[in-house]
Amino acid sequence: MKRLEVEELGASITDAVREVQQGEIIEVVSDGHVVAVLVPALPDAAERRAALAKLNAFAEELGKHVTWPTDVTQMLSEMRR
């Protein structure tokens with residue numbers, strides 16, 4: 001897995017997208033913390049639905065622990081503790 005600072009990603013977005021298309025997973029880092037993950041898109045509709053179901057389940061679980069609205073930065077900081 002590759003890591004890029006936000007500034008690096010901004011300067012080389014075309015190269016990063018090309019790498020992701022080839023299967024690379026890229027973590028985007030800001031101030032030493034992962035703020036995003038670039039992953040290849042799933043080509044198969046069934047795979048996309050399964051991945052979306054997992055994301056929805058995660059969001060639902062996360063919602064049990066977070067009072068909305070909230071500051072995402074604060075939420076991530078609390079999760080890391």
Side-chain angles (χ1 to χ4, degrees):
M1 186 176 313
K2 183 174 183 175
R3 281 185 162 214
L4 286 178
E5 289 288 334
V6 172
E7 296 79 18
E8 292 176 280
L9 177 62
S12 61
I13 189 70
T14 302
D15 293 335
V17 169
R18 189 174 299 114
E19 290 179 38
V20 170
Q21 285 174 322
Q22 295 171 354
E24 182 74 55
I25 296 173
I26 300 176
E27 291 182 331
V28 181
V29 180
S30 178
D31 295 326
H33 300 286
V34 176
V35 296
V37 179
L38 302 178
V39 297
L42 300 171
D44 179 76
E47 288 181 69
R48 283 193 301 270
R49 282 193 299 274
L52 184 56
K54 287 180 183 178
L55 285 173
N56 286 336
F58 174 71
E60 202 172 297
E61 181 63 28
L62 186 62
K64 295 176 185 175
H65 305 283
V66 177
T67 303
W68 299 99
T70 191
D71 177 352
V72 174
T73 306
Q74 178 185 350
M75 179 180 68
L76 290 173
S77 176
E78 291 172 5
M79 288 174 62
R80 288 186 179 109
R81 286 188 223 140

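Predicted, not measured: the structure shown is a model, and the values here were computed from it.
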When every non-hydrogen atom of Val6 is compared with those of Val35, the smallest separation belongs to CG2-CG2, 4.3 Å
Under a 4.0 Å threshold between the charged nitrogen and the carboxylate oxygen, would Lys2 count as salt-bridged to Glu24? no
ILVMFWY cluster, Val34 and Val39 together (side-chain gap under 4.5 Å): yes
Here the gap from Leu9 atom CG to Ile26 atom CD1, rounded to the nearest 0.5 Å, amounts to 7.0 Å
Any sub-3.5 Å donor-acceptor pair from Glu61's side-chain atoms to Phe58's backbone N or O? no
Quick check: is Val20 connected to Val37 through a chain of hydrophobic side chains (ILVMFWY, heavy atoms under 4.5 Å apart)? no
Could you tell me which non-hydrogen atom of Gly23 sits nearest to which non-hydrogen atom of Pro40, and how far apart they are? CA-CG, 3.7 Å
To the nearest 0.5 Å, tell me how far Ile13 CD1 sits from Leu4 CG. 9.0 Å
Minimum heavy-atom distance between Ile25 and Met1, given as atom pair plus value: O-CG, 3.4 Å
Do other residues, nucleotides or ligands put more than 12 heavy atoms under 6.0 Å from the CG atom of Asp31? no
Checking side chain to side chain contact (heavy atoms under 4.5 Å, CB included) for the pair Leu38/Glu19: CA distance, chi angles, key distance, verdict? CA-CA 10 Å; Leu38 302 178; Glu19 290 179 38; over 6 Å; no
